[in-house]
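What follows is one structure encoded as structure tokens, with my remarks underneath.
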2 protein chains.
Amino acid sequence: MISNSPAILGPVTTTDVRDCSIARTLEVVGEKWSLLAVRELMLGSDRFEEIVRRTGAPRDILTTRLRKLEAHGLVEREPYQDRPVRHRYRLTALGWSLAPVLTMLRDWGDTHLVGPEGPPVTLRHTCGELLRPRIHCAACGEAVTSRDLEVVTDGTSDRG
Amino acid sequence: MISNSPAILGPVTTTDVRDCSIARTLEVVGEKWSLLAVRELMLGSDRFEEIVRRTGAPRDILTTRLRKLEAHGLVEREPYQDRPVRHRYRLTALGWSLAPVLTMLRDWGDTHLVGPEGPPVTLRHTCGELLRPRIHCAACGEAVTSRDLEVVTDGTSDRG
DNA sequence: CCTGTCAGTAGGAAAATCCAACTTAGTGAG
DNA sequence: CTCACTAAGTTGGATTTTCCTACTGACAGG
């Protein structure tokens with residue numbers, strides 16, 4: 001094996017870790033409560049108290065999550081009064097761009113984690129039907145399954 | 001406000017927490033390293049050591065994650081030798097059904113978290129183009145944006 | 001004056017994660 | 001035979017996060 005190099009070839013390269021966009025994304029929104037806060041903002045909550053209530057997140061944790069989302073440009077925090085200064089939260093376009101991620105997480109739960117009573121929340125498409133999301137290829141328009149995909153790495157080093 | 005009920009209407013229902021499929025899904029795969037383990041399995045790693053190497057997860061944590069994924073039926077663990085007994089891991093169909101979630105997480109990172117060198121990993125669709133995933137409505141076939149969706153809750157209690 | 005609201009902070013307990021070392025039953029090299 | 005190495009963990013303890021409860025400040029309503 002090349003990667004577990006013996007002493008002659010130098011120190012073992014401890015990072016065979018894949019540099020991948022999934023990992024990068026999870027660095028931003030992968031901590032507990034982050035995606036649920038984003039969900040709440042998408043569903044219309046814009047005040048701290050409401051997000052606390054609807055997610056169940058500890059207040060201090062939610063504070064740090066919202067600050068992190070703000071730092072990454074997914075959320076804007078704007079004062080809506082002073083004395084005392086209060087803020088509301090709003091998703092930016094970048095924040096809204098997470099919608100497909102949440103849609104797929106929701107769909108997975110809808111499909112595999114519900115009882116006979118059905119999904120607690122559903123989304124209705126403008127076509128009138130409840131949304132069953134499918135991934136299509138933007139280039140050819142066809143529906144995509146994992147069998148239609150081939151992994152392409154640039155071959156160098158640890159990326160993959 | 002109805003939800004913050006005064007004493008007359010009974011004790012404050014501490015759980016205004018939304019029962020939603022996103023939260024349920026995150027209960028299963030939302031902990032650190034879970035989705036990265038699934039990613040590795042999708043990319044072809046099937047041995048414990050390899051998943052450790054490629055994700056960078058602590059071995060003990062990865063063990064508990066794989067056990068949890070197995071308990072939920074996303075992963076199968078099968079012995080491939082005894083003396084000493086060794087196992088390999090494989091995604092079940094249920095595990096593979098997470099592919100759209102990972103696809104969207106990857107796409108978000110590809111779109112927003114890459115430098116000029118581009119994404120570290122890309123997926124090629126059978127049509128020949130690199131995959132740019134879009135969500136379509138299974139019912140009408142149209143591409144979906146968040147503006148085309150209406151939230152439907154059953155109205156009762158805390159679900160939403 | 002008393003209570004309640006909102007958006008946090010503070011302090012300390014509890015839980016999760018991380019890390020390095022160890023185990024077990026082998027295989028291959030010298 | 002001995003040494004080094006492998007795979008799939010397990011163990012103990014340090015570190016880091018998360019959680020929980022209570023508190024703050026500045027106001028509004030009764």
Side-chain angles (χ1 to χ4, degrees), chain A residues 1-9 11-12 14-17 26-27 29-37 40-41 45-70 75-90, chain B residues 1-9 11-12 14-17 26-27 29-37 40-41 45-70 75-90:
Chain A
M1 232 176 227
I2 294 166
S3 39
N4 281 341
S5 47
I8 316 124
L9 302 178
V12 171
T14 30
T15 41
D16 292 326
V17 172
L26 292 175
E27 290 271 313
V29 297
E31 289 158 306
K32 201 168 173 184
W33 304 118
S34 291
L35 285 175
L36 293 182
E40 269 320 299
L41 292 164
S45 304
D46 65 343
R47 292 191 312 297
F48 183 83
E49 288 295 327
E50 197 172 358
I51 303 175
V52 165
R53 263 197 321 114
R54 304 296 268 175
T55 61
R59 324 170 62 77
D60 52 349
I61 304 297
L62 185 63
T63 300
T64 72
R65 291 297 175 275
L66 288 169
R67 292 292 190 286
K68 180 169 179 177
L69 292 172
E70 191 191 8
V75 159
E76 271 171 6
R77 178 161 158 271
E78 60 176 43
Y80 67 91
Q81 68 167 45
D82 356 275
R83 291 183 313 281
V85 61
R86 295 276 164 73
H87 300 91
R88 73 160 50 91
Y89 293 90
R90 215 172 38 198
Chain B
M1 234 178 226
I2 293 166
S3 40
N4 281 342
S5 48
I8 315 125
L9 301 178
V12 172
T14 29
T15 42
D16 293 326
V17 172
L26 291 176
E27 290 271 315
V29 296
E31 289 158 306
K32 202 168 173 184
W33 304 116
S34 291
L35 286 175
L36 294 182
E40 270 319 300
L41 292 165
S45 304
D46 64 344
R47 292 192 313 296
F48 182 83
E49 288 295 325
E50 195 173 0
I51 303 174
V52 164
R53 262 196 322 113
R54 303 295 269 174
T55 62
R59 324 168 62 79
D60 53 348
I61 305 298
L62 185 64
T63 300
T64 74
R65 291 298 175 275
L66 288 170
R67 292 292 190 285
K68 179 169 179 178
L69 292 172
E70 191 191 7
V75 160
E76 271 170 5
R77 177 161 159 272
E78 59 178 42
Y80 66 91
Q81 68 167 47
D82 357 276
R83 287 185 316 280
V85 60
R86 295 276 163 73
H87 300 92
R88 74 160 50 89
Y89 295 90
R90 214 172 37 197

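Letters A, B, ... mirror the listed sequences (proteins, then strands); counts begin at 1.
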Nearest heavy-atom approach of B/Val29 to B/Leu35 is O-CG, 3.5 Å
Between the protein and nucleotides 23-27 of chain C, list every N/O to N/O distance that falls short of 3.5 Å.
residue, atom, partner, partner atom, Å
C/dA25, O3', B/Arg83, O, 3.1
C/dG26, OP1, B/Arg83, O, 2.8

N/O donor-acceptor pair, side chain A/Arg59 with base C/dA7, under 3.5 angstrom = yes
Work out which heavy atom in A/Thr55 is nearest to a heavy atom in A/Trp33; give both atom names and the distance.
-> O-CZ3, 3.2 Å
Rounded to whole Å, CG of A/Leu62 lies from C1' of C/dA7 at a distance of 10 Å
What nucleic acid atoms does B/Arg77 come within less than 4.0 Å of, heavy atoms only: base, sugar-phosphate, or nothing?
-> sugar-phosphate
Just by distance, do the side chain of B/Ser34 and the backbone of B/Gly30 share a donor-acceptor pair under 3.5 Å?
-> no
What is the distance from CD1 of A/Ile51 to C1' of C/dT5, rounded to the nearest Å?
-> 16 Å
In 5'-to-3' order, the base (B), backbone-only (S) or no-contact (-) status of each nucleotide in nucleotides 13-18 of chain D, using a 4.0 angstrom heavy-atom cut-off, is -----S
Under 3.5 Å, which N/O atoms of the protein pair with N/O atoms of nucleotides 28-30 of chain D?
none

B/Tyr80 side-chain N/O to D/dA8 phosphate OP1/OP2 under 4.0 Å = yes
Starting at atom CD of B/Glu40, determine the distance to atom P of D/dA8, rounded to an integer number of angstrom.
-> 14 Å
Identify whether NZ of Lys or CZ of Arg in A/Arg88 sits under 6.0 Å from the centre of the six-membered ring of A/Tyr80 and within 45° of that ring's axis.
-> yes
Partner of B/Ser45 under side chain to side chain donor-acceptor pair (under 3.5 Å), picked from B/Arg54, B/Arg53, B/Glu40, is B/Glu40
Donor-acceptor pair, B/Arg65 side chain versus B/Lys32 backbone, under 3.5 Å?
-> yes
Which atoms form the tightest heavy-atom contact between B/Val85 and B/Pro79, and what is the distance?
-> CG2-CB, 4.0 Å
Can you tell me the distance, in whole Å, between the CZ atom of A/Arg53 and the P atom of C/dG8?
-> 16 Å
The single option from A/Glu78, A/Gln81, A/Arg47 that satisfies side-chain contact (heavy atoms from CB on, under 4.5 Å) with A/Arg86 is A/Gln81
Under 6.0 Å from the CZ atom of A/Arg67, do we count more than 12 heavy atoms belonging to anything else shown?
-> yes
Decide if atom CZ of B/Arg77 counts as having more than 12 heavy atoms of other residues, nucleotides or ligands within a radius under 6.0 Å.
-> yes
Rounded to whole angstrom units, what separation is found between the CD atom of B/Glu78 and the P atom of D/dG9?
-> 13 Å
Separation of D/dA8 P from B/Arg88 CZ (nearest whole Å) | 9 Å
Quick one: which of C/dT9, C/dA7, D/dA8 gets closest to the side chain of A/Phe48?
-> C/dA7
What one should report as the nearest heavy-atom pair of B/Leu41 and B/Asp46 is CD2-CA, 4.3 Å
Lys/Arg N to Asp/Glu carboxylate O, B/Arg59 vs B/Glu49, below 4.0 Å = yes
Nearest-nucleotide wise, let me know which of A/Glu49 and B/Ala57 is further upstream toward the 5' end of DNA chain C.
-> A/Glu49
Spacing of A/Asp46 atom CG relative to C/dA7 atom P, expressed in whole Å | 8 Å
Protein-nucleotide distance (B/Leu36, atom CG; C/dC18, atom P), rounded to Å = 11 Å
Has A/Tyr89 got a side-chain N or O lying under 4.0 Å from the OP1 or OP2 atom of C/dA7?
-> no
